[in-house]
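Read through the structure below, which is laid out as structure tokens, and then see the notes.
Just so you know, these numbers use all the heavy atoms, side chains as well, and skip hydrogens, waters and symmetry mates. Every value quoted in this text rests on a predicted model; they were computed, and no experiment measured them.
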Amino acid sequence: QVQLVESGGGSVQAGASLRLSCAASGRTLSTYAMGWFRQAPGKEREFVAAISPSGGTKNYADVAKGRFTISRDNAKNTAYLRMNNLNSEDTAVYYCAAGWGAPPRYEYAYWGQGTQVTVST
């Protein structure tokens, strides 16, 4: 069993940056692919980015390309999502997830509770 806890969300102005963290406990993350998803009010949850267990393969949704960077530190059992140049459409609850399979369609078995990101203009 893997427990995931997100942190780093908050309320920022448009154009600002945030770094989300996803800390794991229970098992080492090094054998899991990690993904970030988000859900805006009234919308379905959507994929944002994913990273392979070694960190060598990264995949991004179109909305994230060029602005967001996913990374991981297996020694710290933590994954990250760096978000730059935020805009109001990035307002959502952001979730991290751990899973396995072949990129980019990993199967996620464990999910965090989410962290709120609010971007105001």
Side-chain angles (χ1 to χ4, degrees):
Q1 192 78 357
V2 176
Q3 292 79 42
L4 302 174
V5 178
E6 303 94 337
S7 62
S11 297
V12 297
Q13 294 287 319
S17 298
L18 282 174
R19 189 181 77 160
L20 306 182
S21 298
C22 175
S25 61
R27 288 186 180 180
T28 178
L29 273 187
S30 62
T31 59
Y32 294 93
M34 297 298 297
W36 285 96
F37 293 76
R38 69 185 186 183
Q39 187 167 18
K43 295 186 177 181
E44 294 186 354
R45 184 173 62 192
E46 65 175 351
F47 168 76
V48 175
I51 187 168
S52 62
S54 68
T57 300
K58 302 177 182 181
N59 302 97
Y60 295 95
D62 287 345
V63 294
K65 290 178 181 177
R67 296 190 302 130
F68 295 3
T69 302
I70 190 171
S71 62
R72 65 191 299 158
D73 186 338
N74 286 339
K76 295 183 178 180
N77 238 23
T78 303
Y80 305 96
L81 184 68
R82 174 73 178 183
M83 306 185 293
N84 295 328
N85 194 22
L86 288 162
N87 58 61
S88 59
E89 294 184 352
D90 296 317
T91 295
V93 178
Y94 284 72
Y95 300 90
C96 68
W100 48 79
R105 293 185 177 276
Y106 297 110
E107 294 185 13
Y108 295 98
Y110 305 105
W111 293 82
Q113 293 299 307
T115 185
Q116 176 71 46
V117 172
T118 302
V119 184
S120 57
T121 56

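Within the 4.5 Å cutoff, side-chain heavy atoms of S17 are placed close to those of N84. A heavy-atom distance below 4.5 Å is found between the side chains of D73 and Y80.
Pairs passing the side-chain hydrogen bond (donor to acceptor under 3.5 Å, both in side chains) check and including a residue from residues 97-116, sequence neighbours excluded, read Q116-T118. For residues 51-60, no residue pair satisfies the side-chain hydrogen bond (donor to acceptor under 3.5 Å, both in side chains) rule, not counting sequence neighbours.
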| message | The test is side-chain contact (heavy atoms from CB on, under 4.5 Å); show your working for E6 and Y94 and say whether it passes. | response | CA-CA 8 Å; E6 303 94 337; Y94 284 72; over 6 Å; no
| request: Starting from the C-alpha separation in whole Å, work towards a yes-or-no answer on side-chain contact (heavy atoms from CB on, under 4.5 Å) for R38 and V117. | output: CA-CA 9 Å; R38 69 185 186 183; V117 172; over 6 Å; no
| message | Using side-chain contact (heavy atoms from CB on, under 4.5 Å), reason through F68 and L86 one step at a time and then give a plain yes or no. | response | CA-CA 9 Å; F68 295 3; L86 288 162; 4.1 Å; yes
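Scanning for side-chain contact (heavy atoms from CB on, under 4.5 Å) contacts around R67 gives N85, N87, D90, with sequence neighbours left out. With sequence neighbours excluded, no residue forms a side-chain contact (heavy atoms from CB on, under 4.5 Å) with V5. Remark: K65 pairs with D62 by the salt bridge (Lys or Arg N to Asp or Glu O under 4.0 Å) rule, at least two apart or across chains. S120 meets the side-chain contact (heavy atoms from CB on, under 4.5 Å) test with Q13; sequence neighbours excluded.
There is a path of hydrophobic side-chain contacts, each under 4.5 Å, that joins V12 to L20.
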